[in-house]
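Let me begin by presenting the structure, written as structure tokens, before commenting on it.
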Amino acid sequence: PSRYVEIVCQFDTDYFISGLAPLCDQLVILYFVRESNDKEGFSKDTARCARPRLDIIQPLPESFEEISSDALTVRGFHENECRDYRLEHSKGESLFYIISPRDVVLAKERDQDDHIDWLLEKKKYEEALLATEISHRNVKRHKVQDIGLAYINHLVEKQDYEEAARKCQKILGKNMKLWEDRK
């Protein structure tokens, strides 16, 4: 043969994949989950169809890391099956088309602020703080200090006082007003 491929990554999923598309070194994956209404497992009578999902994943040698995840709202999703969905993408542009029997959904790559929103929603404060520090020039809606304060509050709620104290030194710095507000 004149062409060869090398398997560089392989992983298992717990869902049915309807489509894949590249996004730099990551993958956009459209998938479908069938949920059981009972504890005995799946059957045509007891299974219900969940909304399709669109994730960005980072492939690793034997697994993957979820970068972002969205449940899609399409009409009639509870009647659809895996084969009813399709994912198309526009090369050169970060545009993705999700096609279902009754809807077409256009998705585009999120910006850094969107990614930070997602991290905060998932309570991944340390990652959100790091992403904000690294990309502070591209971040418009978030401030390092605000995310840092949210992270400190989260650590205190979890009663992880040692880590909260370490973060206070870095986040509050020499700002006496912020130190006083932490009481």
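These values consider heavy atoms only, across backbone and side chains, with no hydrogens, waters or symmetry-generated copies. This chain uses plain numbering: 1 for the first residue, then up along the sequence.
Between Arg53 and Glu66, no side-chain nitrogen of the basic residue sits less than 4.0 Å from a carboxylate oxygen of the acidic one, so the salt-bridge criterion is not met. Under the 4.0 Å criterion applied to side-chain N and carboxylate O atoms, Asp114 and Arg141 are assigned as salt-bridge partners.
In this structure, the side chains of Tyr161 and Val156 come closer than 4.5 Å at one or more pairs of heavy atoms. Using a 4.5 Å heavy-atom threshold, the side chains of Leu72 and Tyr85 count as separate. Between Leu149 and Leu178, some side-chain heavy-atom pair lies under the 4.5 Å cut-off. Within the 4.5 Å cutoff, no side-chain heavy atoms of Val28 are placed close to those of His89. Under the 4.5 Å side-chain criterion, counting only non-hydrogen atoms from C-beta, His154 is not in contact with Asp160. Counting heavy atoms from C-beta outward, Phe77 and Ser100 have side chains that stay 4.5 Å or more apart. A heavy-atom distance below 4.5 Å is not found between the side chains of Leu119 and Ile147.
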I'd like to know whether Leu20 forms a side-chain contact (heavy atoms from CB on, under 4.5 Å) with Leu87, so could you lay out the CA-CA distance, the side-chain angles of the two residues, the decisive distance to 0.1 Å, and finally the verdict.
CA-CA 7 Å; Leu20 287 172; Leu87 176 66; 5.6 Å; no
Just do the side-chain contact (heavy atoms from CB on, under 4.5 Å) check on Thr73 and Arg51 with the steps written out, would you?
CA-CA 7 Å; Thr73 302; Arg51 294 190 301 162; 2.7 Å; yes
Apply the test side-chain contact (heavy atoms from CB on, under 4.5 Å) to residues Trp118 and Lys124: give CA-CA distance (whole Å), side-chain angles for both, the deciding distance (0.1 Å), then the verdict.
CA-CA 9 Å; Trp118 183 82; Lys124 296 182 175 192; 4.2 Å; yes
Could you go through Gln26 and Phe64, starting from their C-alpha distance and side-chain angles, then the distance that decides it, and tell me whether this counts as side-chain contact (heavy atoms from CB on, under 4.5 Å)?
CA-CA 10 Å; Gln26 299 168 335; Phe64 63 90; over 6 Å; no
Is there a salt bridge (Lys or Arg N to Asp or Glu O under 4.0 Å) between Asp103 and Arg75 once you walk through the steps?
CA-CA 7 Å; Asp103 291 308; Arg75 290 180 295 157; 3.0 Å; yes
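Atom CZ of Phe16 sits in a sparse spot, with 12 or fewer heavy atoms from other residues, nucleotides or ligands closer than 6.0 Å. No more than 12 heavy-atom neighbours from other residues, nucleotides or ligands sit within 6.0 angstrom of CZ on Arg86.
Formation of a donor-acceptor pair under 3.5 Å by the Asp111 side chain with backbone atoms of Asp113 is found in this model. Put simply, the side chain of Trp179 gets close to the backbone of Gly173: a donor and an acceptor are under 3.5 Å apart. The backbone N or O of Pro101 lies less than 3.5 Å from no partner atom in the side chain of Asp84, so there is not a single donor-acceptor pair. A donor-acceptor distance shorter than 3.5 angstrom exists from the side chain of Ser18 to the backbone of Cys82, with no hydrogens or angles considered.
Atom-to-atom distance recorded for Lys108:NZ and Ser90:OG is 13.5 Å, nearest 0.5 angstrom. Ile29 CD1 to Ile17 CD1: the interatomic distance, rounded to the nearest 0.5 Å, is 3.5 Å. Between the CD atom of Gln58 and the CG atom of Leu23 there is a distance of 10.0 Å, given to the nearest 0.5 Å. Expressed to the nearest 0.5 Å, how far CD1 of Ile152 lies from CD of Gln145 amounts to 9.0 Å. In this structure, CG in Leu54 is found 5.0 Å from CD1 in Ile98, a value given to the nearest 0.5 Å. If you take NZ on Lys158 and OH on Tyr125, they are separated by 10.5 Å, rounding to the nearest 0.5 Å.
Listed here is the closest heavy atom pair of Pro22 and Leu27: CA-CD2, 4.5 Å. Smallest separation of non-hydrogen atoms from Phe32 and Glu81: CZ-CA, 3.7 Å. The two atoms that bring Tyr31 and Ser69 nearest to each other are OH-OG, 4.3 Å, heavy atoms only. Residues Ala128 and Leu120 come closest through the heavy atom pair CB-CD2, 3.7 Å. In this structure, Gln112 and Ala131 approach most closely via the heavy-atom pair NE2-CB, 3.4 Å.
Residues passing the ring-ring contact (aromatic ring centres under 6.0 Å, His included) test with Phe96: none are found, sequence neighbours excluded.
The same ILVMFWY cluster, assembled from side-chain heavy atoms under 4.5 Å apart, contains both Val144 and Val139.
Under 3.5 Å, the side chains of His142 and Asp117 contain a donor-acceptor pair of N or O atoms.
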